[in-house]
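What follows is a set of notes on a single structure, which appears directly below.
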Number of protein chains: 2
Amino acid sequence: MIGQQVADSIERRSGVSLWRQIADRILQAIAIGDFAENAALPPEVALAERYGVNRHTVRSAISALVQEGVLRAEQGRGTFVLSRKRLSYPIGARTRFSAGLQGQTSERHIVLLSSSIEPASQRVAEGLGLARGADVMRLETRGEADGRSVSRAASWFDARRFAGIDEAMAQTGSITASLARFGIDDYLRQSTVLSARHADAADLADLDLQPGAIVLVTVAVNVTPNGQPIQFSESRFPAERVELKLSAL
Amino acid sequence: MIGQQVADSIERRSGVSLWRQIADRILQAIAIGDFAENAALPPEVALAERYGVNRHTVRSAISALVQEGVLRAEQGRGTFVLSRKRLSYPIGARTRFSAGLQGQTSERHIVLLSSSIEPASQRVAEGLGLARGADVMRLETRGEADGRSVSRAASWFDARRFAGIDEAMAQTGSITASLARFGIDDYLRQSTVLSARHADAADLADLDLQPGAIVLVTVAVNVTPNGQPIQFSESRFPAERVELKLSAL
DNA sequence: TATAGTTGTCTATATCAATAGACAAATCTG
DNA sequence: CAGATTTGTCTATTGATATAGACAACTATA
């Protein structure tokens, strides 16, 4: 047994079904590296014993992961790991989507899903240093790497200062490039608050997740080098595909 | 409706029961501040309609939260919010347990649960810059603030250099103070990797959580100012009680 | 080519999760 | 006090979850 892999049992009558808990464990074991890519999982009977459940329950977990494209089951041979480990997404003073994932993926970009102008809510106004109710431009975006959805975010900008930033985003596919059109050559991450929760219906659809998945949530403010807030954002990352690596810049 | 509170619906046949999903939503709404302390929740029928479920399902969610000490239900009057918002736990180059929570709580300390000497696993050895299998001291600790469990961690130290650090921890209740006894006046956080998952059986017991809860997981390395690794740790935070605030120091 | 080991399928049963409806009990308001 | 609002309790029914056992289908290997 590698590391301090705890032989933790499973919780009953928890509101989370046993098959989902086991699927979570398997996903995590893969992400941690307990199972190499293309390696065979232990046979169903062994897993059932290890988790203290019926073989059929293990089968439910596995079939969910097969559906999800993480595993491949072959009758008579075994069940094999397909999926890669989690992407490691760096967060620090200079967080950039594409720069951060360099080397880990061959292709990545941001897709603009929608944009709208709305009055600033309390927290958006605070984050951007505007009056509550002031016009803000809201961009809904999805980050993709190698065809997998790795993030889903809402960003808010001062609608007056950054009028037309939605078009810039659609054209460039990059926040950094879009801000450059408004004379912002550099920006820093001022603050990041991190939490986690179950994915809601919107997350499931946008990030192509299975129900019951967990998302990491960051709420952040980007500022110019001299401290003026320019972007307030809430991003959601699928915990099964992404981990956040904090660099203290 | 405050902010962009999405009226997101609930996922069926997800492996996560509806009542648990709704309990999660309510917890989150409280943590975000949608419901003030002592405020009344909307009546059960209203919640049922809002989430598109039966009233009994909402009642299951509420009774779980009552059990958990987050809500208080009073017949004829309504259901009220007891719990505080989430603690905001700072993470940066100088992360210290007690220093970080200053101002948010009146009382906090670290409890040493157990200690042992074991051979270093792969990742511990890498983190501490030791040979795999070298003796390391492992400390299991729980962080408490105002009587609530807010973290659960395993820490590893070079057993030769820090022989007896377990006793120091037991006496001082502080990592910083214990390290000082070994001539470490200052240390920095070199790296932090962040992920999230469902709480396992050990987490549930240690952090006094209800089954189905989510934990934030950080894996970190602390180093001396000149870069020598001294501590490798894996910490788990209950997502419903704690958020992590990243400071780019 | 046997045989052991593995995944796939079927039937049956018990428990949990969710819906539905009705009414009691407590509280608040006019 | 009367009526409206809200939580608490009960019964009944349906579907999802989990267990149990048996056997078929396929694969690898001695």
Side-chain angles (χ1 to χ4, degrees), chain A residues 9-26 35 38-82 198 201 204 210-212, chain B residues 9-26 35 38-82 198 201 210-213:
Chain A
S9 60
I10 293 292
E11 285 304 306
R12 289 167 189 270
R13 67 195 65 180
S14 65
V16 182
S17 63
L18 301 189
W19 64 262
R20 167 122 316 266
Q21 293 183 57
I22 292 171
D24 280 352
R25 296 295 164 79
I26 295 174
F35 300 115
N38 295 319
L41 239 57
E44 294 168 354
V45 235
L47 288 174
E49 191 168 357
R50 171 154 151 194
Y51 293 119
V53 301
N54 192 273
R55 178 182 157 227
H56 294 293
T57 308
V58 168
R59 282 181 61 74
S60 297
I62 289 178
S63 84
L65 296 179
V66 167
Q67 202 82 24
E68 219 169 314
V70 175
L71 300 176
R72 181 185 69 246
E74 294 183 25
Q75 186 169 355
R77 294 194 63 218
T79 305
F80 303 89
V81 177
L82 289 175
H198 280 123
L204 296 179
Q210 296 299 108
Chain B
S9 60
I10 294 291
E11 285 304 305
R12 287 167 191 268
R13 70 195 64 180
S14 64
V16 181
S17 62
L18 301 190
W19 64 263
R20 160 97 1 235
Q21 294 183 55
I22 292 172
D24 281 352
R25 296 296 164 80
I26 294 175
F35 300 115
N38 295 319
L41 240 57
E44 294 168 353
V45 234
L47 288 173
E49 190 168 357
R50 171 153 150 197
Y51 292 118
V53 300
N54 192 275
R55 178 182 157 226
H56 294 292
T57 307
V58 168
R59 281 181 61 75
S60 298
I62 288 178
S63 82
L65 296 178
V66 168
Q67 202 82 23
E68 217 170 315
V70 175
L71 299 177
R72 181 185 67 247
E74 293 182 26
Q75 185 169 355
R77 295 193 62 217
T79 304
F80 303 89
V81 177
L82 288 176
H198 280 124
Q210 294 301 107

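Side chains are part of it too, since the values below use all heavy atoms of this structure and drop only hydrogens, waters and symmetry mates. Each chain gets a letter, A, B and so on, in the order its sequence line appears, and its residues count up from 1.
- For D:dA18, neither phosphate oxygen OP1 nor OP2 lies less than 4.0 angstrom from any side-chain nitrogen or oxygen of A:Ser60.
- Rounding to whole angstrom units, CH2 of residue B:Trp19 and P of C:dT19 are separated by 14 Å.
- Atom pair B:Leu18:CG and D:dG15:C1' shows a separation of 12 Å (rounding to whole Å applied).
- Between B:Arg20 and B:Asp24 there is a side-chain heavy-atom pair separated by less than 4.5 Å.
- By the 4.5 Å heavy-atom criterion applied to side chains, B:Leu47 and B:Val53 are not counted as neighbours.
- In this structure, A:Arg72 atom CZ and C:dG8 atom C1' are separated by 17 Å, rounded to whole Å.
- Between B:Arg20 atom CZ and C:dA18 atom P the separation is 11 Å, expressed in whole Å.
- For C:dG21, the base has no donor-acceptor partner in the side chain of B:Arg55 [N/O atoms by modelled type, under 3.5 angstrom].
- For C:dA17, the base has no donor-acceptor partner in the side chain of B:His56 [N/O atoms by modelled type, under 3.5 angstrom].
- A:Leu47 places its CG atom 12 Å from the C1' atom of C:dT6, with the value rounded to the nearest Å.
- Scanning all heavy atoms of the two residues, the minimum distance from B:Thr79 to B:Ala73 falls at OG1-CB, 4.0 Å.
- The nearest whole Å value for the distance from the CD atom in A:Gln75 to the P atom in D:dA24 is 13 Å.
- Put simply, B:Arg77 has no side-chain N or O that comes within less than 4.0 Å of OP1 or OP2 on D:dT5.
- Here C:dG8 presents its P atom at 13 Å from CD of A:Gln67, a figure rounded to the nearest Å.
- Along DNA chain C, the nucleotide closest to B:Val53 and the one closest to A:Ala73 are compared, and the more 5′ of them pairs with A:Ala73.
- Residue A:Thr57 places at least one side-chain N or O closer than 4.0 Å to OP1 or OP2 of D:dT19.
- A:Glu74 places its CD atom 13 Å from the C1' atom of D:dA28, with the value rounded to the nearest Å.
- The side-chain heavy atoms of B:Leu18 and B:Gln21, taken from C-beta on, include a pair separated by under 4.5 Å.
- Between B:Phe80 and B:Leu41 the shortest side-chain heavy-atom distance does not fall below 4.5 Å.
- Position along DNA chain C of the nearest nucleotide to A:Leu41 versus A:Gly15 favours A:Leu41 as the more 5'-ward residue.
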